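Below: the structure, in structure tokens.
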Amino acid sequence: MEKIEKFEDMKIGEKTLSYLKKSGFVEPTDVQKEAIIPAIEGRDMIVQARTGSGKTLSFLIPVFEGIEGKNGVEAIILVPVRELAQQVEEEARKIGKFHGIDTVAVYGGASIENQIKKLKSASVVVGTPGRVIDLMKRGALNMDNLKFFVLDEADRMLDMGFYEDMEWIISRTPENKQVMLYSATMPDEIIKLAKKHMKDPLKLKLSEDSISATGVEQYHIRVGSMNKMAKLSALLDNEKGKYLIFTRTKIAARKVAELLRKHGYRVFAIHGDMSQSARTKTMNDFKSGKIDILVATDVASRGIDVQGITHVINYDIPLYPKDYVHRIGRTGRLDKKGKAITFVTKDEMGALRRIEEYIGRKIPEMRLKVRGRIRERMDYREHADVFGMVTFVFTADEGMSTLDVVKELEKQGIREEDIGKIEIDGKKGEFEVHYSSAHRATKSGLKEIRLKAKESKP
Ligand code: ADP
Ligand code: MG
């Protein structure tokens, strides 16, 4: 097979080509080079390619080449979250303009009446499963003339528990349609779904190793949870850029944004609890560059495409390696350079190792020599053992007993249950306290108190 280098060589019609030209898309991306032609020829498709590789056009182009625009809804594109529905529909609408074909995005959290009205003329529907089912049940979304059934971000749909919804929808569409599935990873359930609903699908795997082949530089920073803000400010103050910061929970996203704002940064958070309009506004401000820092959770950020993100910060390390891949896919899109920096606490080294295994390469440590406007504090938790105990050494007075040490510590308000082993050997004293009381221990009358250096383990 000869290698296709241009959209012009791909059996794409004039109208779509005009759109591509106007949008400045000259050369197809790798996945587009392989996936567009077979899809135009009518093949069912299973396409795995990393985030940011250009999958959207790989299905939108064949869809617009294959529909007529006068038979009701001819294509449905299912996506996991509303932002993605909006984003994909926006792209579809642009192509549709050149064809005189209407499109609509349908998702929850927005007026259903408006969507029903638009559905009357739309040929291409982009939607989240819940709202699509709702509209079908109301008889507002008729699938009788459907030609294309597309699943975008299929892996995420499964993660979010949409398997049954997808089944429900697809089983109510005509037998004779083209089914196309796009995903950044390929879990078994997808293969199961595909086997059930596809005819001899073409499987394309633009391997995930392109993750490591991109311009994304990846690092980790060892930091205790107490000092993550300080490290973050050190980065923000010393490396200018457009930052996307990930936290594990909605609460954390809100907190991080709030704290940063308190220190004078222009930043917003985006998470599932926000109203649709607030999310859209925040996204638009981030896209337009009005704000340069966005804090997000995995779910809220999913599939969002923002140009020019230079730094992805994993404020909280993702629990699942594949979320790591999704997160860092937000930077270094196509050929641009980007950095992905993951904060790792002592207890999270295992999670880091799992990610390294998954992506098949080491994520080197970055040692920040610079500081930011938020100060670092001693984070005793990082020095604690598995029981939460921190060991200090001090210089003992002549004839000092362990009981004297307890008394000194209790004078600082440290409770007995927070005090561990105490040893005195000549002038050398040593005691353990719970990390929550460690800062008090340093204020006690014991002489030359300092943290005991960690013994290097074999
Ligand atoms: P994916 O769905 O694989 O994560 P997208 O379809 O969202 O990726 O595309 C990522 C970015 O690349 C978008 O900003 C898109 O406009 C851009 N893009 C897609 N195809 C091309 C192309 N052929 N040339 C240049 N930019 C492209
Ligand atoms: Mg996509």
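Counting starts at 1 for both ligands and their atoms, in listed order. Everything numeric here is computed off the predicted structure, so don't read it as measured data.
Below 3.5 Å of separation, one finds no N or O of Glu91 facing any N or O of ligand 1. Where the criterion is an N or O separation shorter than 3.5 Å, residue side chain and backbone included, Phe25 fails it with respect to ligand 1. Considering backbone and side-chain N/O atoms, Gln87 never comes within less than 3.5 Å of an N/O atom of ligand 1.
The proximity of Gln32 to ligand 1, defined as any non-hydrogen pair under 4.0 Å, is limited to the side chain. By the criterion of a heavy-atom distance under 4.0 Å, the backbone of Pro28, and not its side chain, is placed next to ligand 1. Contacts with ligand 1 closer than 4.0 Å are made by side-chain heavy atoms of Phe7 only, the backbone lying farther away.
Under the 6.0 Å cut-off for aromatic ring centres, Phe25 and Phe7 do not qualify, their centroids lying 6.0 Å or more apart.
Side-chain contact between Arg172 and Met143 is absent, with no heavy-atom pair separated by less than 4.5 Å.
Listed by chain and number, the residues in a salt bridge (charged side-chain N to carboxylate O under 4.0 Å, His left out) with Glu189 amount to none (sequence neighbours excluded). Applying the salt bridge (charged side-chain N to carboxylate O under 4.0 Å, His left out) test to Lys196 and every residue at least two apart in sequence or in another chain returns Glu167.
Phe64 CZ to Lys15 NZ: the interatomic distance, rounded to the nearest 0.5 Å, is 11.5 Å.
Because its NZ or CZ atom is not both nearer than 6.0 Å to the ring centre of Phe98 and within 45° of the ring axis, Lys22 does not count as a cation-pi partner of that residue.
Residues Leu20 and Leu57 come closest through the heavy atom pair CD2-CD1, 4.2 Å.
Taking every non-hydrogen atom of Glu27 and a distance limit under 4.0 Å, the qualifying atoms of ligand 1 come out as 22 (C), 23 (N), 24 (N). Annotation for ligand 1: atoms under 4.0 Å from non-hydrogen atoms of Ser53 are 1 (P), 3 (O), 8 (O).
The residue among Leu20, Thr29, Thr56 with a heavy atom at the shortest distance from atom 7 (O) of ligand 1 is Thr56.
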